[in-house]
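Bear in mind that the values here come from a model prediction, so they are computed numbers and not experimental data. We name chains A, B, ... by the order of the sequence lines, and we start the count at 1 in each one.
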2 protein chains.
Amino acid sequence: MSEPPKHCVATDAAVFSVVNGTLKILLIKRKYDPFKGMFALPGGFLEDTDKSLNECVKRELYEETGVDNIFLKMLHAYGDVGRDPRGRVVTVAYLAVINSSDVELNKTKVSENAEWVDVSSVKALAFDHSTILAEALDELRHEIMDSTIVFQLLKKRFTLTEMQKSYEVILGKPLDKRNFRKWIKQHDILFATDQTKMEGVHRPARLYEFKDKRYKRF
Amino acid sequence: MSEPPKHCVATDAAVFSVVNGTLKILLIKRKYDPFKGMFALPGGFLEDTDKSLNECVKRELYEETGVDNIFLKMLHAYGDVGRDPRGRVVTVAYLAVINSSDVELNKTKVSENAEWVDVSSVKALAFDHSTILAEALDELRHEIMDSTIVFQLLKKRFTLTEMQKSYEVILGKPLDKRNFRKWIKQHDILFATDQTKMEGVHRPARLYEFKDKRYKRF
DNA sequence: TAAATTTGTTGTGATGGCTACAATATTACC
DNA sequence: GGTAATATTGTAGCCATCACAACAAATTTA
């Protein structure tokens with residue numbers, strides 16, 4: 001029995017947000033080769049000091065973008081030969097959503113020009129990150145219908161219209177107001193505060209909060 | 001920028017089958033330390049000759065158990081420090097089901113005493129394989145309701161009663177005959193052959209086949 | 001102060017899937 | 001022809017989904 005071969009292991013994060021009614025993905029512009037100057041998902045190599053893969057992806061995300069303290073859901077591992085020109089790298093992809101106004105990008109020293117990029121205008125990405133992004137978006141569209149992950153996208157208090165808009169942007173299609181409200185209320189994950197929000201020259205909207213701010217599958 | 005650290009990468013397979021009306025998991029008895037003599041999921045290290053993680057898990061499964069040519073679905077990656085006493089190992093877990101009568105165990109030279117073990121009687125496993133098994137079983141119970149993965153469990157031709165029994169064993173609960181038949185026919189994945197099967201002193205059952213023998217999500 | 005404007009909020013009827021439940025059909029055996 | 005044993009099939013109630021429209025509440029304006 002010979003020594004087992006060793007490989008580079010990495011994590012990558014597909015972090016989505018909704019900004020001004022459009023779906024954005026958090027990307028970094030690479031400062032070094034390979035793929036220098038191209039956009040890529042934030043991520044990086046597993047270090048010996050990372051006690052888990054989850055810790056690795058959180059650390060890399062923070063270092064490269066300044067985004068911190070979010071729930072990341074593991075998606076899939078990618079390990080084909082040739083996906084990194086430097087040599088074999090097995091990467092584990094994660095999914096998250098976040099309220100972009102909660103974070104300040106590029107506040108760390110080694111951050112690499114993180115940007116929110118319109119998902120619809122994303123061109124070729126470094127490595128196989130286009131594939132990862134496509135699969136992450138697909139998974140996000142399932143997750144949002146099937147878990148409480150959307151709560152990370154919203155502020156602490158929000159109106160049902162704001163919530164519905166997030167769903168519409170992520171799903172890429174309009175939803176019926178009445179059916180959406182019936183559906184979300186059925187899951188019993190929200191409670192109505194006694195406050196309202198004025199957003200123009202019309203009836204104010206009630207503000208809601210999540211009962212439980214933890215990720216939960218329906 | 002220093003050289004990225006390298007780690008051992010492995011794959012492990014949770015392969016289930018139904019034998020004599022009980023749910024079995026394919027385990028190997030470890031020949032070497034660590035955990036010598038304990039049961040573990042079949043699997044092993046990613047080699048440079050493996051062109052993908054999928055190729056790795058198939059190779060390891062064949063080498064260690066003789067099971068070949070099955071569909072394996074990736075589940076999750078495990079990379080916590082300390083999950084392997086020899087050093088850090090990141091492992092990618094896979095799920096499969098198989099008709100145990102289709103395979104002959106331990107036909108390869110390096111196979112390690114592979115056995116079908118009752119899931120309900122599995123005690124402590126090596127490494128964190130108990131966790132992986134539990135999560136794989138949970139996923140299997142979702143998969144079977146949501147994909148055509150069950151076809152790998154059945155012979156080429158089977159009766160609806162046989163199929164229902166497989167579902168009952170995996171889900172661990174009885175199902176209603178009429179509802180099961182309505183449900184499975186609704187998915188339009190089976191066709192009735194003109195043959196029947198006598199299994200005793202009573203009306204014979206019609207034999208069915210899958211229309212398409214590929215894995216497909218509903 | 002009343003009408004217009006704009007968005008928030010809510011109900012109903014049709015449809016389809018899921019669940020619970022029982023009678024009839026078909027074969028071998030006697 | 002009667003018995004035993006499993007195969008096969010339908011119906012009614014409930015719940016989720018979907019399409020669809022009227023009323024409520026706030027400001028602006030005439």
Side-chain angles (χ1 to χ4, degrees), chain A residues 18 20-21 141-148 150 154-155 157-209 216-218, chain B residues 18 20-21 141-148 150 154-155 157-209 216-218:
Chain A
V18 173
N20 298 329
R141 288 179 172 146
H142 284 105
E143 274 294 311
I144 201 176
M145 299 310 293
D146 215 52
S147 78
T148 57
V150 74
L154 300 164
K155 295 186 286 289
R157 296 187 164 186
F158 49 88
T159 69
L160 293 181
T161 299
E162 288 169 349
M163 188 180 201
Q164 183 179 337
K165 285 271 180 287
S166 299
Y167 274 80
E168 290 177 333
V169 169
I170 288 173
L171 297 174
K173 64 181 183 188
L175 299 174
D176 180 85
K177 263 190 189 188
R178 286 164 290 189
N179 294 336
F180 177 77
R181 282 159 192 247
K182 255 184 302 183
W183 177 77
I184 200 71
K185 282 179 180 175
Q186 197 173 16
H187 288 303
D188 193 38
I189 54 175
L190 304 181
F191 70 89
T193 70
D194 54 1
Q195 295 195 316
T196 56
K197 178 182 182 183
M198 282 293 310
E199 187 74 44
V201 186
H202 53 81
R203 177 174 176 176
R206 185 159 300 279
L207 286 164
Y208 287 80
E209 285 187 21
K216 190 175 68 178
R217 289 192 81 85
F218 294 149
Chain B
V18 173
N20 298 328
R141 288 179 171 145
H142 284 105
E143 273 292 312
I144 201 177
M145 299 308 294
D146 215 50
S147 77
T148 57
V150 74
L154 300 164
K155 296 187 286 290
R157 295 187 164 187
F158 49 88
T159 69
L160 293 181
T161 299
E162 287 168 350
M163 189 180 199
Q164 184 179 337
K165 284 271 179 288
S166 298
Y167 274 80
E168 290 177 332
V169 169
I170 289 174
L171 296 174
K173 65 179 183 188
L175 300 174
D176 181 85
K177 262 191 189 188
R178 283 165 292 189
N179 294 337
F180 177 78
R181 283 159 192 247
K182 257 184 301 184
W183 176 76
I184 200 69
K185 283 179 179 174
Q186 197 174 16
H187 288 302
D188 193 38
I189 55 175
L190 303 181
F191 70 90
T193 69
D194 54 3
Q195 295 194 316
T196 57
K197 178 182 180 182
M198 281 296 307
E199 187 75 41
V201 186
H202 54 81
R203 177 174 176 176
R206 185 159 300 279
L207 286 164
Y208 287 79
E209 285 187 21
K216 191 173 68 179
R217 287 191 82 85
F218 295 148

Ranking C:dC18, D:dG10, D:dC18 by distance to the side chain of B:Lys182, first place goes to D:dG10

Interface residues of residues 191-205 of chain B with DNA chain C (non-hydrogen, below 4.0 angstrom): B:Met198, B:Val201, B:His202, B:Arg203, B:Pro204

Could you give the CG-to-P distance, from B:Leu175 to C:dT19, as a whole number of Å? 9 Å

State, with a plain yes or no, whether a side-chain heavy atom of A:Leu190 is found less than 4.5 Å away from one of A:Phe158. yes

Mapping A:Asn179 and B:Thr161 onto DNA chain D by nearest heavy atom, which one lands closer to the 5' end? B:Thr161

Can you measure B:Lys165 atom NZ to D:dA7 atom P for me and round it to whole angstrom units? 8 Å

Starting at NZ of A:Lys173 and ending at C1' of D:dA19, how long is that distance when rounded to a whole Å? 14 Å

What is the distance, rounded to the nearest whole Å, between atom CE of A:Met145 and atom C1' of D:dT17? 11 Å

Take A:Lys185 and B:Asp176, find for each the nucleotide of DNA chain C with the closest heavy atom, and name the residue whose nucleotide sits nearer the 5' end. A:Lys185

If I take atom CD in residue A:Gln186 and atom P in nucleotide D:dC18, what distance separates them, rounded to the nearest angstrom? 11 Å

Step through the shown structure and confirm whether more than 12 heavy atoms of other residues, nucleotides or ligands are within 6.0 Å of CG on B:Asp146. yes

Sugar-phosphate only, base, or nothing, as touched by A:Arg181 at under 4.0 Å among non-hydrogen atoms: base

Between C:dT24 (C1') and B:Lys177 (NZ): distance, integer Å: 13 Å

Nearest whole Å is fine: how far is C:dG8 C1' from A:Phe158 CZ? 16 Å

Flag if over 12 foreign heavy atoms under 6.0 Å of NE2, B:His187: yes

